[in-house]
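Down below is the structure, laid out as structure tokens.
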Amino acid sequence: MRLVFAGTPEVALPSLRALIDSRHDVIAVVTRPDAPSGRGRRLERSPVGALADEHGIEVLTPAKAGEPEFLDRLRALEPDLCPVVAYGNLLPQRTLDVPKFGWVNLHFSVLPAWRGAAPVQASVRNGDDITGASTFRIVKELDAGPVFGVVTEKVRDRDTSGDLLTRLSLSGADLLLSTVDGIEDGTLRAVDQPDDGVTYAAKISVEDARLDFTTPATAVDRLARAVTPEPGAWAEFRGERLKLGPVTPVADVTLPAGEVLVERKRVLVGTATTAVALGEVQAQGKKRMAATDWARGVRIESGERIA
């Protein structure tokens, strides 16, 4: 089939590679416009755009996916199907109507659970035992289209969102390719999502990633892992923002919420239940370092707190 692939970040690359290496013809990719990056704020291609450039594939970068110029080019390409992985742009109905077999999205949850922008983060924060990825036909309602296929993945005890998303991007790439194959062969039919079990996962802001040590250790741990690597957990110490890596619950120590206890090999912080041990810490203007190295440098006094 003639495919136009839509995606933007690195997590979409395994799927694009799988389709490029398949029997199908990736005739173009659609990705977000080049964006400023680095200290020099130079415009850079998205990871998906860069991979397409390497393979000599046409790259389309509309600011909005309903722009007349973009639609004209998409129609001229005459795609049979448009696979989507983390594109990050709304697709109006006039755009959805162009390809013969529609647009098929790879979403990183077992639908109808965790529709929305941050399904993996929501799964980690919620303490789910199992998550996965789904392929579905895109419709106007958010992530509500009929499902072609699903793969599942166990959420490990110390998984960050980054860890989990890396694994899902690989198994999801196989799922997306088999979905495209099945659509072409006519052997695959989409099944409507059930009305029960619908949950939503809104995009996580920087403010949402602030750790609250007045909550139980389990909640602090899950949130820290859910927002790693993006947007990154943080709290305040001595009035300045402190970036924090994942923490580890410590069952045998209790401290007042937010109070810091420095030991020889670990730095503990109290929560509403038991303490957590800090992992990596990054103070403003400093490099990321082990919590014990940070604590020695700032010389924490008895009773000081992180909030």
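Not one N or O on the side chain of T131 forms a donor-acceptor pair closer than 3.5 Å with the backbone of S109. At distances below 3.5 Å, at least one donor-acceptor pair connects side-chain atoms of T228 with backbone N or O atoms of A224. The main-chain N or O of G186 is found under 3.5 Å from a side-chain atom of R189 such that the two form a donor-acceptor pair. Of the possible polar contacts, one joining the R305 side chain to the A257 backbone as a donor-acceptor pair under 3.5 Å is found. Distance alone, capped at 3.5 Å, places no donor-acceptor pair between the T215 side chain and the A219 backbone.
Nearest heavy atoms, R32 versus G88: NH1-O, 2.6 Å. Minimum heavy-atom separation, I306 to A235: CG2-CB, 3.4 Å. Shown here for A28 and I57, the closest heavy-atom pair between the two residues is CA-CG2, 3.5 Å. Shortest non-hydrogen contact noted between A217 and T273 is N-OG1, 2.9 Å. A pairwise comparison of heavy atoms in S134 and V150 identifies OG-CG2, 3.7 Å as the closest pair. Across all non-hydrogen atoms, the minimal contact from L142 to G116 is CD2-CA, 4.0 Å.
You'll find the side chain of V11 reaches within 4.5 Å of the side chain of F108, heavy atoms only. Between N105 and T135 the shortest side-chain heavy-atom distance does not fall below 4.5 Å. The shortest side-chain heavy-atom distance between D25 and L3 does not fall under the 4.5 Å cut-off. Counting heavy atoms from C-beta on, the side chains of D143 and Y200 never come closer than 4.5 Å. Side-chain contact between S22 and V180 is absent, with no heavy-atom pair separated by less than 4.5 Å. A 4.5 Å side-chain heavy-atom check between L60 and V29 finds every atom pair outside the cut-off. In this structure, V206 and P231 have side chains that are in contact, with non-hydrogen atoms separated by less than 4.5 Å. Under the 4.5 Å side-chain criterion, counting only non-hydrogen atoms from C-beta, V30 is in contact with V4.
Taking the charged nitrogens against the carboxylate oxygens, R17 and D21 have no contact shorter than 4.0 Å, which rules out a salt bridge. The pair D159-R125 fails the salt-bridge criterion, with no side-chain N (NZ, NE, NH1 or NH2) lying under 4.0 Å from an Asp/Glu carboxylate O. Remark: E304 engages R238 in a salt bridge, criterion side-chain N to carboxylate O under 4.0 Å. In this structure, D163 does not pair ionically with R225, as no charged nitrogen and carboxylate oxygen lie closer than 4.0 Å. Looking at D293 and R296, a side-chain N of the basic residue comes within less than 4.0 Å of a carboxylate O on the acidic one, giving a salt bridge.
Summarising the local packing, CG of D72 is surrounded by more than 12 heavy atoms from other residues, nucleotides or ligands at distances under 6.0 Å. Other residues, nucleotides and ligands place no more than 12 heavy atoms under 6.0 Å from the CZ atom of R299. Residue-environment remark: CD (E69) stays at or below the threshold of 12 foreign heavy atoms within 6.0 Å.
Tested against R266, the residues T248, L278, V250 include a single side chain to side chain contact (heavy atoms under 4.5 Å, CB included) partner, V250.
Atom CD1 of I130 is separated from atom CD of E153 by 8.0 Å, given to the nearest 0.5 angstrom. Note that CG of N89 is 9.5 Å distant from OG1 of T95, once rounded to the nearest 0.5 Å. Atom CD1 of I183 is separated from atom CZ of F148 by 4.0 Å, given to the nearest 0.5 angstrom. Going from atom CE of M1 over to atom CG of D185 covers 8.5 Å, rounded to the nearest 0.5 Å. For the atom pair CD (E184) and OG1 (T179), the distance works out to 13.0 Å, reported to the nearest 0.5 Å. One distance of note links SG of C82 with CG of L74; it measures 5.5 Å at 0.5 Å rounding.
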**Message:** Does L268 form a side-chain contact (heavy atoms from CB on, under 4.5 Å) with L255? I'd like the steps, not just the answer.
**Reply:** CA-CA 9 Å; L268 305 180; L255 293 166; 4.0 Å; yes
**Prompt:** Checking side-chain contact (heavy atoms from CB on, under 4.5 Å) for the pair L71/E67: CA distance, chi angles, key distance, verdict?
**Reply:** CA-CA 6 Å; L71 281 174; E67 293 177 349; over 6 Å; no
**Request:** Determine, stepwise, if the pair H24 / D80 fulfils side chain to side chain donor-acceptor pair (under 3.5 Å).
**Result:** CA-CA 10 Å; H24 306 286; D80 296 309; over 6 Å; no
**Asked** Does the pair T274 and D252 meet the rule for a side-chain contact (heavy atoms from CB on, under 4.5 Å), with working shown?
**Response** CA-CA 7 Å; T274 57; D252 59 348; over 6 Å; no
**Message:** What verdict does the side chain to side chain donor-acceptor pair (under 3.5 Å) test give for S46 and T31, after you've listed the backbone C-alpha separation in whole Å, the side-chain angles of each residue and the deciding distance to 0.1 Å?
**Reply:** CA-CA 7 Å; S46 72; T31 191; 2.6 Å; yes
**Request:** Output, in order, the C-alpha distance, side-chain angles, deciding distance and verdict of side chain to side chain donor-acceptor pair (under 3.5 Å) for D128 and W114.
**Result:** CA-CA 11 Å; D128 294 349; W114 303 130; 2.8 Å; yes
**Request:** Start with the C-alpha distance between R73 and E58, add both sets of side-chain angles, then the distance that settles salt bridge (charged side-chain N to carboxylate O under 4.0 Å, His left out), and finish with yes or no.
**Result:** CA-CA 11 Å; R73 182 55 188 152; E58 181 178 353; 2.8 Å; yes
**Prompt:** So T218 and D221, side chain to side chain donor-acceptor pair (under 3.5 Å) or not? Walk me through it.
**Reply:** CA-CA 5 Å; T218 299; D221 167 44; over 6 Å; no
**Request:** Go through Q193 and R115 one step at a time and tell me if the side-chain contact (heavy atoms from CB on, under 4.5 Å) criterion holds.
**Result:** CA-CA 11 Å; Q193 295 183 35; R115 296 175 181 175; 2.9 Å; yes
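Under the 4.5 Å side-chain contact rule for hydrophobic residues, L188 and V84 do not share a cluster. Residue F237 is grouped with residue V267 when hydrophobic side chains (ILVMFWY) are merged at heavy-atom distances under 4.5 angstrom, including chains of intermediate members. Linking ILVMFWY residues whenever their side-chain heavy atoms come closer than 4.5 Å, directly or via other members, leaves W234 and V298 in distinct clusters. Taking hydrophobic clusters as Ile, Leu, Val, Met, Phe, Trp and Tyr residues chained together by side-chain heavy-atom distances below 4.5 Å, L165 does not share a cluster with L111. Note on V220 and V269: same hydrophobic cluster, where clusters join Ile, Leu, Val, Met, Phe, Trp and Tyr whose side-chain heavy atoms are under 4.5 Å apart, directly or indirectly.
S205 and D208 share a side-chain donor-acceptor pair at under 3.5 Å.
Between F5 and W103, the gap from one ring centroid to the other reaches at least 6.0 Å.
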